[in-house]
Protein chains: 2
Amino acid sequence: MTDRKEHLYVVFENLLKIKNGCSCEVFSECGLSDITVKQVGYLKTIDEHGEVTFSGLAKITRNSKPTITEIINKFVRMECVYRDRCPDDGRIYYIRLTEKGQMIARSEKHALLKMIEKMAHSLDEDEMDTLIQILSKMK
Amino acid sequence: MTDRKEHLYVVFENLLKIKNGCSCEVFSECGLSDITVKQVGYLKTIDEHGEVTFSGLAKITRNSKPTITEIINKFVRMECVYRDRCPDDGRIYYIRLTEKGQMIARSEKHALLKMIEKMAHSLDEDEMDTLIQILSKMK
DNA sequence: TTTGATTAGTTAGGCTTCGCCTAACATATA
DNA sequence: TATATGTTAGGCGAAGCCTAACTAATCAAA
């Protein structure tokens with residue numbers, strides 16, 4: 001490997017460490033350090049679909065309705081989600097993310113934003129512009 | 001958020017997507033797409049400690065010896081690890097990573113290396129030098 | 001050098017949690 | 001009255017851990 005690539009490796013390794021640290025912060029701020037990958041996946045699905053019902057989530061995730069009830073009850077206990085009864089049809093409940101739930105569903109984005117904040121503290125405007133200009137070329 | 005930060009967000013989001021794609025490639029090349037986070041953790045521990053025995057790994061990970069036997073048997077079936085009997089003391093077995101096991105233990109590094117390779121294809125030498133110079137300032 | 005104690009790893013069996021299921025149900029709507 | 005939404009009850013298998021009892025190898029001391 002060339003010297004140049006090795007250098008690149010080192011600076012990006014550092015950058016990823018910083019971003020990783022930010023990810024962990026997001027979870028521990030929510031007091032949910034031991035949430036599972038699967039659970040985060042469900043929160044993301046709920047976030048992406050907006051107005052999801054229990055049956056809807058069951059279809060999307062290919063689970064039975066009781067399984068969804070169970071998953072949602074757990075999320076309610078974790079304060080990530082709440083039931084929102086449909087005003088037009090009392091049988092239907094929408095699954096809504098709490099602020100905490102949304103935070104976790106978008107944890108990667110939040111971590112990245114945190115990293116960018118740190119970047120803005122370490123670099124000046126010209127340097128940021130140069131970064132943008134160079135990295136835009138990546139495919 | 002300023003325009004500049006938003007731009008930075010976009011370029012880094014793209015970069016992370018590329019790196020993430022590389023991570024998945026590493027696992028699927030090994031035919032182990034459904035390995036768990038915990039398992040990867042154990043492989044990393046084994047990799048980092050070099051010459052680990054069963055008792056050693058039990059102490060490091062605070063598990064019982066039978067648990068380690070179980071974990072290692074699973075890894076042997078996955079072809080990630082093999083037993084290497086100590087020539088001086090027949091009671092002792094060293095836990096060694098196979099090439100596959102090492103690949104997974106170092107998957108993040110491998111993914112990053114892959115990303116750097118892609119970078120080297122998209123950017124010229126001056127640009128890479130500029131990147132290195134700017135990103136070195138990040139703390 | 002033999003024998004008893006100690007150490008390394010294994011086997012057997014058990015426990016809890018997770019994540020899923022089906023069947024039967026209550027409630028709301030049509 | 002028939003149908004749709006969500007819940008409850010109960011069960012199942014896999015994961016991931018444990019303790020107790022075992023085998024095999026080494027060490028130490030008579």
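These numbers come from a predicted model, not from an experiment. Proteins come first, then strands; the chains are lettered A, B, ... in the order of their sequence lines, and each starts at number 1.
- With contacts defined as side-chain heavy-atom distances shorter than 4.5 Å, the pair B:His49/B:Thr45 qualifies.
- Heavy-atom neighbours of A:Glu125 CD from other residues, nucleotides or ligands within 6.0 Å: at or below the threshold of 12.
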Summarise how protein sits on nucleotides 15-21 of chain C as a single string, 5' to 3': B when a protein heavy atom is under 4.0 Å from the base, S for sugar-phosphate-only contact, - for no contact.
----SBB

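- Between atom OG1 of residue A:Thr130 and atom CG of residue A:Asp126 there is a gap of 6.0 Å, rounded to the nearest 0.5 Å.
- With a heavy-atom cut-off of 4.0 Å to chain B, the contacted part of DNA chain D has its first and last nucleotide at D:dG16 to D:dT26.
- Side-chain contact between B:Cys80 and B:Leu97 is absent, with no heavy-atom pair separated by less than 4.5 Å.
- Of all non-hydrogen atoms in B:Ser23 and B:Ala111, the two that sit nearest each other are OG-CB, 3.4 Å.
- A 4.5 Å side-chain heavy-atom check between B:Thr98 and B:Val81 finds every atom pair outside the cut-off.
- Listed in residue order, the members of residues 83-93 of chain B having a heavy atom less than 4.0 Å from DNA chain C are B:Arg83, B:Arg91, B:Ile92, B:Tyr93.
- Axis orientation changes by 0° from one end of the helix from C:dT1-D:dA30 to C:dA30-D:dT1 to the other, with each end axis drawn from 5 pairs and the value rounded to 10°.
- Residues B:Glu13 and A:Lys109 are not paired through a salt bridge, judged by the lack of any N-O separation under 4.0 Å between the basic side chain and the carboxylate.
- Within 6.0 Å of the CD atom in A:Glu108, the count of heavy atoms belonging to other residues, nucleotides or ligands does not exceed 12.
- In this structure, the salt bridge (charged side-chain N to carboxylate O under 4.0 Å, His left out) partners of B:Lys114, at least two apart in sequence or on a different chain, are B:Glu25, B:Glu29.
- Evaluation of the side chain to side chain contact (heavy atoms under 4.5 Å, CB included) rule for A:Arg83 yields A:Phe54, A:Thr69, A:Ile72, A:Asn73, A:Val76, A:Tyr93 as partners, not counting sequence neighbours.
- With hydrogens and angles left out, the side-chain atoms of A:Asn63 and A:Tyr42 include a donor and acceptor closer than 3.5 Å.
- A straight line from CG of B:Asn73 to P of C:dT10 spans 7 Å, rounded to a whole angstrom.
- Looking at heavy atoms from C-beta onward, B:Lys19 lies out of side-chain contact with A:Phe12 at the 4.5 angstrom threshold.
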